[in-house]
Amino acid sequence: MKIMLKSKQPSKRIFSGIQPTGNLHIGNYLGAIKNWIKLQEEDDCIYSIVDLHAMTVPNNLLDIKNSTLEVAAAVIASGIDPKKSILFNQSNVPQHTELAWIFNCIARIGWLNRMTQFKEKAGKKKDNATVGLFSYPVLMAADILLYKATHVPVGEDQKQHLELTRDIASSFNTTFNKTLDKDFFHLPEPIILGPAKRIMSLRDGKSKMSKSDTSDGSRINLMDNKDQIYQKIKRAKTDQHPIPDNINDLDDRPEALNLFNIYASFSNKSVKEILQQFSGKGFAQFKESLSDLIINDISPITKEMKHLMNNKDEIIKILIDGSNKAQEIANEVLIDIKKIIGINFKD
Ligand code: AMP
Ligand code: TRP
């Protein structure tokens with residue numbers, strides 16, 4: 001029997017997600033949100049506050065509602081326009097968890113065992129991690145494929161999860177392409193842009209700037225005020241050498257390289273140009289200029305975030321409208337998937 005599909009494959013569709021886990025920092029802003037904003041000008045974009053992913057770490061449950069609204073406020077304040085993009089919170093579209101179950105029955109334990117993010121997050125007490133944390137990348141695959149997304153803007157840390165998404169999509173395609181005479185899923189590609197692929201901690205140039213770092217001085221939060229930004233940049237780790245004129249001389253200087261990458265992202269200049277501007281000078285002058293740049297970009301966002309957080313109903317309305325639009329797309333794709341598998345007799 002021939003299967004009639006309801007859903008269409010868009011020629012280009014962007015999907016990305018961000019976890020509502022508080023402490024949004026300039027790594028999230030430069031590595032993800034800033035790219036989201038660029039993309040919404042040209043493309044069909046769907047962005048999600050992934051509250052179900054945040055739940056995989058039980059501590060995050062303590063403040064999940066407020067964190068979801070805060071991250072939504074940050075995304076809107078940074079420039080995501082709900083008229084141009086679909087913005088919604090993941091749990092409002094139940095199709096995500098339904099597809100995740102189906103993908104749980106496709107993904108292999110061996111594939112998940114390779115995921116470095118799980119190893120990092122679970123740490124030494126692996127048995128104590130939730131089952132949700134282990135299958136986190138399967139839910140992420142469901143997020144992306146539920147909309148037949150073609151491109152996924154993320155920071156470099158998510159590349160491995162994207163590869164797993166492609167493995168799940170290919171496995172589904174190979175299992176069912178006889179039924180359909182063609183592949184159902186297009187294999188999505190990551191978009192990893194700019195010098196901010198991986199912003200490092202201000203305290204240690206070898207570890208990623210992270211929401212969960214116990215040292216607040218390791219990151220610049222989007223809610224930090226001007227003084228905090230000046231202080232954190234002033235105290236950011238560097239070394240005794242002067243600023244070089246050649247980028248190759250930064251090879252063994254991860255902290256310095258990180259600060260130049262941050263400067264490059266905020267100024268839209270290349271690291272080469274920045275080195276020309278500051279070479280031979282000490283870090284004090286460079287750091288002052290860097291703080292000014294960050295403050296110039298971040299302060300209006302912080303102000304708008306505070307305004308939105310005082311109008312939570314406005315944020316909730318945007319998320320509900322977005323969820324309704326997302327659900328229309330998700331529903332058609334999920335009905336198709338269930339038909340293809342043969343587990344849906346109703347639709
Ligand atoms: P998360 O905070 O883990 O939900 O990440 C949200 C988005 O920010 C993802 O696209 C990450 O890849 C990106 N991201 C998180 N930390 C960094 C970082 N230190 N540098 C660049 N991108 C990051
Ligand atoms: N795992 C991503 C992160 O930690 C967040 C995320 C969840 C995501 N679902 C997604 C990113 C789908 C891109 C696409 O950053």
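Because the structure is a prediction, the values reported are computed rather than measured. Start at 1 and go down the list; that is how both ligands and their atoms are numbered.
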Side chain proximity check, Met209 to Ser218, heavy atoms < 4.5 angstrom: no
Any atoms of ligand 1 less than 4.0 Å from a non-hydrogen atom of [X]? List them with their elements.
{"X": "Gly31", "value": "21 (C), 22 (N)"}
{"X": "Gln158", "value": "12 (O)"}
{"X": "Gln19", "value": "3 (O), 4 (O)"}
{"X": "Ala32", "value": "7 (C), 8 (O), 10 (O)"}

Partner of Asp157 by salt bridge (charged side-chain N to carboxylate O under 4.0 Å, His left out), out of Lys121, Lys208, Lys197: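 Result for salt bridge (charged side-chain N to carboxylate O under 4.0 Å, His left out) with Asp157: Lys208.
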What protein heavy atom lies closest to [atom]? Include the residue and the distance to one decimal.
{"atom": "atom 15 (C) of ligand 1", "answer": "Asn28 ND2, 3.3 Å"}
{"atom": "atom 20 (N) of ligand 1", "answer": "Ile199 N, 2.8 Å"}
{"atom": "atom 9 (N) of ligand 2", "answer": "Asp143 OD2, 2.7 Å"}
{"atom": "atom 2 (C) of ligand 2", "answer": "Gln158 OE1, 3.3 Å"}
{"atom": "atom 4 (O) of ligand 2", "answer": "Tyr136 OH, 2.9 Å"}

Side-chain donor-acceptor contact under 3.5 Å, Gln40 with Asp81: no
Contact partition for Arg198 relative to ligand 1, non-hydrogen atoms under 4.0 Å: backbone
Location of contacts on His25 toward ligand 1, heavy atoms closer than 4.0 Å: side chain
Distance under 6.0 Å and angle within 45° of ring axis: Lys126 vs Phe134: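 No, cation not above the ring by the 6.0 Å, 45° rule.
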Nitrogen or oxygen of [X] less than 3.5 angstrom from that of ligand 1:
{"X": "Pro153", "result": "no"}
{"X": "Met200", "result": "no"}
{"X": "Asp157", "result": "yes"}

Considering [options], which one's heavy-atom position lies nearest to [atom]?
{"atom": "atom 9 (C) of ligand 1", "options": "Ala54, Gly155, Ser207, Gly27", "answer": "Gly155"}
{"atom": "atom 21 (C) of ligand 1", "options": "Lys197, Lys208, Lys211", "answer": "Lys197"}
{"atom": "atom 6 (C) of ligand 2", "options": "Gly155, Ala54, Gly17, Pro153", "answer": "Gly17"}

Check [Y] with [X], please: is the shortest side-chain N to carboxylate O separation under 4.0 Å?
{"X": "Asp44", "Y": "Arg13", "answer": "yes"}
{"X": "Lys232", "Y": "Asp216", "answer": "yes"}
{"X": "Asp313", "Y": "Lys317", "answer": "no"}

Step-by-step salt bridge (Lys or Arg N to Asp or Glu O under 4.0 Å) determination, Glu42 to Lys12: CA-CA 10 Å; Glu42 303 266 320; Lys12 189 165 186 200; over 6 Å; no
Joint cluster assignment, Leu139 & Trp101, ILVMFWY side-chain distance < 4.5 Å: no
Within reach of ligand 2, part of Ile144 (heavy-atom separation under 4.0 Å):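 Side chain only; the backbone of Ile144 stays clear of ligand 2.
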Side chain, backbone, both or neither: Val154 near ligand 2, heavy atoms under 4.0 Å: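 Within the 4.0 Å criterion, Val154 contacts ligand 2 through side-chain atoms alone.
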Inter-residue atom distance Ile274.CD1 - Ser289.OG, 0.5 Å rounding: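 Spacing of CD1 (Ile274) from OG (Ser289) equals 9.0 Å.
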Value rounded to 0.5 Å, distance of CD in Glu255 from CE in Met200: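 If I round to the nearest 0.5 Å, the distance is 9.0 Å.
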Which ligand 2 atoms are under 4.0 Å away from a heavy-atom of [X]?
{"X": "Val50", "value": "7 (C), 9 (N)"}
{"X": "His53", "value": "7 (C), 9 (N)"}
{"X": "Gln19", "value": "4 (O)"}
{"X": "Val152", "value": "13 (C), 14 (C)"}

Passing candidate, side chain to side chain donor-acceptor pair (under 3.5 Å) with Tyr29, options Asn35, Asn221, Asp297: Asp297
Verdict with supporting geometry, Ile18 and Tyr47, side chain to side chain contact (heavy atoms under 4.5 Å, CB included): CA-CA 8 Å; Ile18 188 162; Tyr47 298 126; over 6 Å; no
Residues Leu334, Lys338; criterion side chain to side chain contact (heavy atoms under 4.5 Å, CB included); working and verdict: CA-CA 6 Å; Leu334 188 65; Lys338 291 200 281 189; 4.2 Å; yes
